[in-house]
Amino acid sequence: MTRLAALVLALVLAAPAWSAEPPLALDGNIEQGGLVIGRAAPGVKASLDGTVLDVDGSGVFAFGFDRDHGRSANLTVLYPDGTSVERKLAVAPRDWQIQRVEGVPSKYVTPPPEAMAAIARGTKLKKEARATRAAGSFFTETFIWPATGPISGVFGSQRYYNGEPRRPHYGVDVAAPTGTPIRAPAGGTVTLADADMYFEGGLVFLDHGQGVTSLMMHMSRVDVTAGERVEQGDVIGAVGGTGRATGPHLHWGVYWRGAYLDPQLLVGPMDEAIAAAANE
Ligand SMILES: [Zn+2]
């Protein structure tokens with residue numbers, strides 16, 4: 001080592017980890033349905049509106065805003081040296097469409113009493129899966145479309161099934177033939193895999209880390225099991241029309257803890273994905 005290099009190294013080691021502003025970068029969409037990725041420093045603690053966030057070993061953390069989130073949120077980051085940063089985030093509101101879905105079998109709009117046991121079984125499985133948060137920070141990968149095709153439903157729409165108001169549409173629908181492979185949009189850990197849910201049909205939850213979870217519904221085939229680790233692009237099952245669906249399509253939803261997020265904010269335009277697939 002030259003003397004100059006040794007001097008530079010000594011200065012680097014002597015300097016505090018940061019001199020003026022503690023490091024904090026936020027990427028993503030600070031809007032209703034948006035996912036935000038924070039990058040701070042190893043050893044930080046972070047919280048959003050009082051909820052303690054998971055933070056990985058390099059200081060990366062994720063959080064998101066529900067469809068109906070209010071106009072502001074407060075992020076607090078506490079650094080190992082005792083300094084802290086408070087950021088007041090302006091959460092952009094969005095407009096939502098109204099979507100009417102006709103021709104839904106009535107047992108999925110107003111389930112009969114004999115369906116209650118199946119519905120309760122599904123509710124329990126989903127609740128258990130949602131109580132877990134997987135390791136890893138795969139949510140930092142650039143997401144890919146799990147399947148391509150015409151977009152037949154967007155996130156956030158107020159839905160009416162056969163004229164009956166039901167909860168908003170918490171995902172994006174991609175029309176594709178039954179049997180079309182569904183690929184993991186990013187790496188993660190499977191936290192639920194069930195071929196026969198009442199409303200969702202074939203259903204997979206894939207946790208991309210810290211609870212940022214993709215869910216795939218109406219699958220004709222489920223190729224993974226709970227606990228399995230998958231890489232981005234791995235086939236996890238196939239498109240179908242099982243459960244409350246009027247035709248074969250992929251429903252791709254994303255949630256983080258209690259908040260449903262808009263998958264389309266995580267991926268590039270569909271036409272680019274289709275063009276890229278055609279060139280393979
Ligand atoms: Zn859908």
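Atoms within a ligand are numbered from 1 in the order they appear, just like the ligands themselves.
Looking only at atom types and distance, the side chain of S214 has a donor-acceptor partner in the side chain of H208 under 3.5 Å away.
For a distance bound of 2.8 Å, the N, O or S atoms of H218 include none lying that close to the Zn ion (ligand 1). Residue contact annotation: H251 places an N/O/S atom under 2.8 Å from the Zn ion (ligand 1).
Under the salt bridge (Lys or Arg N to Asp or Glu O under 4.0 Å) test applied with R257, the options D49, D54, D66 reduce to a single match, D54.
D173 contributes OD1 as its N, O or S atom closest to the Zn ion (ligand 1).
Taking a 4.5 Å side-chain heavy-atom cut-off between Ile, Leu, Val, Met, Phe, Trp and Tyr, the cluster of F205 extends to W96, L125, F155, Y170, L192, M197, L203, L215, M217, Y255, Y260.
The heavy-atom pair separating A273 from T148 by the smallest distance is CB-CG2, 3.9 Å.
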